[in-house]
Amino acid sequence: MSDFDCYDNTLAYQSACKAHPHPPSRLNLDWRYITSTHQLEAEIDPYRTRKVLGIDTETTGLDPHQDQVRLVQIATAGMPTLVIDLWKVDEIHALKTLLTSPALKVGHTLKFDWQMLATSGIPLHGPFFDAYLAHKALNAGLKVKSSLAAIVQECLGVELDKSAQRSRFAGHLSDEQLQYAAWDAAYSLALRQPLAQRLQQASAQFTARFLHIANLESACIPATALMELNGMALDPDRFEQAVTTFQHQKQAALTQFHQALGLETQTQISLLPSEPKVFGLNPGSSQQVLKALAEQGLTLKATDQRTIIRVVDRHPALPHLLEWRHQAKVLDTLNSLPRHRHPLTQRLHPQVRQVSARSGRFSCRNPALQTVPHDSAIRRCFVVRPGHRLIKADYSQIELRIAAKITQDPLLVKAYRTGQDVHRMTAALLLDMAQTQVTREQRRLGKAINFGLIYGMSAARLQLEAQLQYGLILSHKDALALHKRYFQRFTGVAQWHRQGKRQLYRHDGLRHAKTLLGRVRQWADKPDFAEWINAPVQGTCADMIKRALVALVPHLNADVHLLIVVHDEIVLEVRQDLAPDIAQTLTQVMIAAAQPLIAPIPIEVDTQIGHSWAGD
DNA sequence: TCAGAGTGCGCC
DNA sequence: AAACGGCGCACGCTGA
């Protein structure tokens with residue numbers, strides 16, 4: 001596993017921690033304001049040989065596409081912090097050399113600095129140590145504040161005044177502004193050792209790899225930064241067409257819903273903005289729906305899909321209700337997109353967060369591109385630049401493969417190792433038939449069972465999910481029988497659950513879960529079983545895709561854009577002639593990143609090249 | 001009028 | 001002890 005540790009600075013940190021048990025003693029709050037090329041070149045020399053640099057920037061705003069970097073601060077142990085004014089220094093070659101040197105760059109939320117510098121034509125190269133990411137990795141699952149001030153308070157016991165941070169960094173800069181700018185870099189730098197020490201201690205306590213994970217997250221910074229900078233393009237014509245289509249479908253469903261309830265749909269347009277958007281009974285209001293159904297003899301507790309689907313035959317309006325809900329949901333998603341179009345780039349630039357999800361997954365918002373409906377009428381609105389292709393590659397059945405590795409279930413392990421179709425195998429096993437005789441529908445049942453029961457789904461829920469997601473009608477009795485047989489056959493999964501419950505429910509129960517890479521999620525209280533059993537699987541998938549991104553970064557350039565990551569899928573936009581080669585590289589990188597974690601279970605990656613996100 | 005908890009659902 | 005997990009978002013509704 002030598003390639004495993006390409007971004008890992010564990011050994012360096014260990015020696016650093018031993019050498020400097022009291023980091024604040026090395027903190028130098030002195031600073032120099034650099035306002036000319038001459039001054040820069042005169043002062044920067046000693047910083048070139050340093051192995052660790054604290055980095056921070058001050059900018060005229062928060063948008064890398066239109067705001068500017070004003071100050072770049074460089075801190076290093078025992079030296080004054082350089083505060084370089086980019087508006088006054090016209091030749092910054094020396095600074096660029098420093099920022100692309102192999103020195104460790106320490107900062108807090110370096111993604112932002114990376115982006116601001118990148119759009120100013122100043123590349124910032126790793127390795128990185130990001131105090132924010134490290135603090136979140138240290139406390140994954142717990143509710144903690146990870147602002148610079150909060151971490152400085154926690155690790156160094158210093159109250160950091162952040163009042164100058166929100167001040168304007170345009171025009172004349174006061175001494176106070178310059179001082180706080182310098183201090184941010186100096187304090188970020190000073191956080192590395194105490195944080196590394198805490199990460200090491202936690203690793204020992206949990207038999208995990210906190211520092212490794214913190215370094216992995218830090219190494220992902222360029223990938224995350226580029227996803228946000230690149231964004232995705234929405235074709236205006238296709239988009240308008242899609243909206244119109246879904247509006248009609250939604251309206252049709254509404255009419256049928258009302259008719260089935262014996263109501264008339266009122267479609268007059270109101271001029272008053274305060275008027276409700278839907279006239280008459282609103283299928284979007286659970287209260288109104290419950291009341292209307294009750295009046296017609298059907299009393300329910302809720303109106304969500306899972307409740308409705310159980311009784312869908314009991315009233316003719318119910319299928320139309322589900323249809324309207326679907327169309328309305330899709331339309332909501334669509335309507336939310338244009339307001340996120342960037343005024344300059346005309347693209348959607350989501351906010352991508354590496355460490356906000358308790359599982360270790362990426363999350364994405366404004367807009368939530370990870371939840372764009374799969375409907376090809378919508379996905380084909382997401383297009384590539386002229387002369388480019390979209391490449392999407394996803395890990396095949398990755399969670400089930402990870403579960404096979406974790407549970408060591410003999411059947412699952414053997415099935416994957418011999419390249420069998422696992423859903424088909426499950427169906428054949430539970431229905432007592434040969435795999436060759438399994439029908440498409442029966443395979444779908446196998447899929448529903450595999451994905452559900454692995455995390456402890458009940459028979460009742462299985463019955464529901466089979467119908468909702470796979471369109472399979474299952475009697476309660478059959479669901480119960482399948483549930484029982486599943487755990488009789490998949491003994492490894494059954495044992496995994498039994499042991500898990502023992503560890504969780506004993507007097508001094510576990511309050512953390514660990515991935516195969518050593519990422520830890522903690523709970524402040526007793527974890528729910530289902531959350532706890534799922535965390536290592538989902539988290540390991542996050543480990544894999546983040547390892548893949550780190551390996552992918554060197555391949556990203558002006559012709560190879562990273563667009564988005566959707567949990568087990570990586571999407572690139574690549575110059576047309578390069579697409580086949582890059583697709584192959586991407587596939588290999590993803591396999592290599594994941595394989596060591598679940599060997600000898602094989603990894604499979606499905607890769608497609610197309611013109612839009614629909615894959616066409 | 002508006003914040004906020006609740007409901008429901010898209011993706012993996 | 002609980003009954004698949006992880007997200008973000010839009011909406012209807014409520015109470016101040």
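The analysis underlying the following values was restricted to heavy atoms, covering all of them including side chains, and did not include hydrogens, waters or symmetry mates. The chains referred to below are lettered A, B, ... by the order of the sequence lines, with proteins before strands, and numbering in each begins at 1.
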Expressed in angstrom and rounded to an integer, what is the separation of Asp394(A) atom CG from dC12(B) atom P? 9 Å
Describe the nucleic acid contact of Phe362(A) in one word from base, sugar-phosphate, nothing, applying a heavy-atom distance below 4.0 Å. nothing
Of the nucleotides dG5(C), dC9(B), dG12(C), which one has an atom closest to the side chain of Ser285(A)? dG12(C)
Indicate whether OP1 or OP2 belonging to dA10(C) is found under 4.0 Å from a side-chain N or O atom of Arg339(A). yes
Cation-pi geometry met for Lys111(A) and Tyr132(A) (6.0 Å, 45°): no
With sugar-phosphate meaning primed atoms plus P, OP1 and OP2, does Arg506(A) contact a base, only sugar-phosphate, or nothing at under 4.0 Å between heavy atoms? nothing
When you measure from the side chain of Ala302(A), which nucleotide among dG5(C), dA2(C), dG8(B) comes out closest? dG8(B)
Below the 4.0 Å mark, does dC9(B) have OP1 or OP2 next to a side-chain nitrogen or oxygen of Arg325(A)? yes
Look at Asn450(A) and dC4(C) and indicate whether a side-chain polar atom (N or O) is within less than 4.0 Å of OP1 or OP2. no
Over all strands shown, is Tyr505(A) touching base, sugar-phosphate only, or nothing at heavy-atom distances under 4.0 angstrom? base
Checking all strands, does Gln538(A) fall into the base, sugar-phosphate, or nothing category for heavy-atom contacts under 4.0 angstrom? base
I would like to know whether Gln499(A) and Gln503(A) meet side chain to side chain donor-acceptor pair (under 3.5 Å); could you show each step before the answer? CA-CA 6 Å; Gln499(A) 283 180 352; Gln503(A) 295 181 64; 5.2 Å; no
Do we get Arg379(A) above Trp613(A)'s six-membered ring, with its NZ or CZ under 6.0 Å from the centre and within 45° of the axis? yes
How is Arg502(A) classified with respect to the nucleic acid when contacts are heavy atoms under 4.0 Å: base, sugar-phosphate, or nothing? nothing
If only side-chain N and O atoms of Ser458(A) are considered, is one of them under 4.0 Å from the OP1 or OP2 phosphate oxygen of dC4(C)? yes
Is there a side-chain polar atom (N or O) of Ser336(A) under 4.0 Å from OP1 or OP2 of dC9(C)? no
Can you tell me if His326(A) touches the phosphate of dG10(B), counting only side-chain N or O atoms and a distance under 4.0 Å to OP1 or OP2? yes
4.5 Å side-chain heavy-atom contact, Tyr395(A) and Ile591(A): no
Distance check needed: dG6(C) P versus Trp532(A) CH2, whole Å only. 14 Å
Short side-chain N/O contact from Thr303(A) to OP1 or OP2 of dG8(B), under 4.0 Å: yes
Just call it for Arg306(A): base, sugar-phosphate, or nothing, with non-hydrogen atoms closer than 4.0 Å on any strand. nothing
Nearest-angstrom distance from the residue atom CG of Asp332(A) to P of dC9(B): 12 Å
I want to confirm an ordering. Mapping Arg361(A) and Lys526(A) to their closest nucleotides on DNA chain C, which one lands closer to the 5' end? Lys526(A)
Categorize Ser363(A) for me: base, sugar-phosphate, or nothing, with a 4.0 angstrom heavy-atom threshold over every strand shown. sugar-phosphate
Just to be sure I understand the rule, does Val372(A) reach a base, reach only the sugar-phosphate, or reach nothing, if contact means heavy atoms closer than 4.0 Å? sugar-phosphate
Using whole Å, what does the distance between atom P of nucleotide dG6(C) and atom CD of Gln370(A) come to? 15 Å
Under the side chain to side chain contact (heavy atoms under 4.5 Å, CB included) rule, what do Phe382(A) and Leu563(A) come out as? Steps first, then yes or no, please. CA-CA 11 Å; Phe382(A) 292 83; Leu563(A) 296 189; over 6 Å; no
Is the closest side-chain donor-acceptor distance between Glu323(A) and Gln327(A) under 3.5 Å? yes
Distance-only donor-acceptor test (3.5 Å): side chain Gln287(A), base dG12(C): no
Please classify the nucleic acid contact of Cys541(A) as base, sugar-phosphate, or nothing, using heavy-atom distances under 4.0 Å. nothing
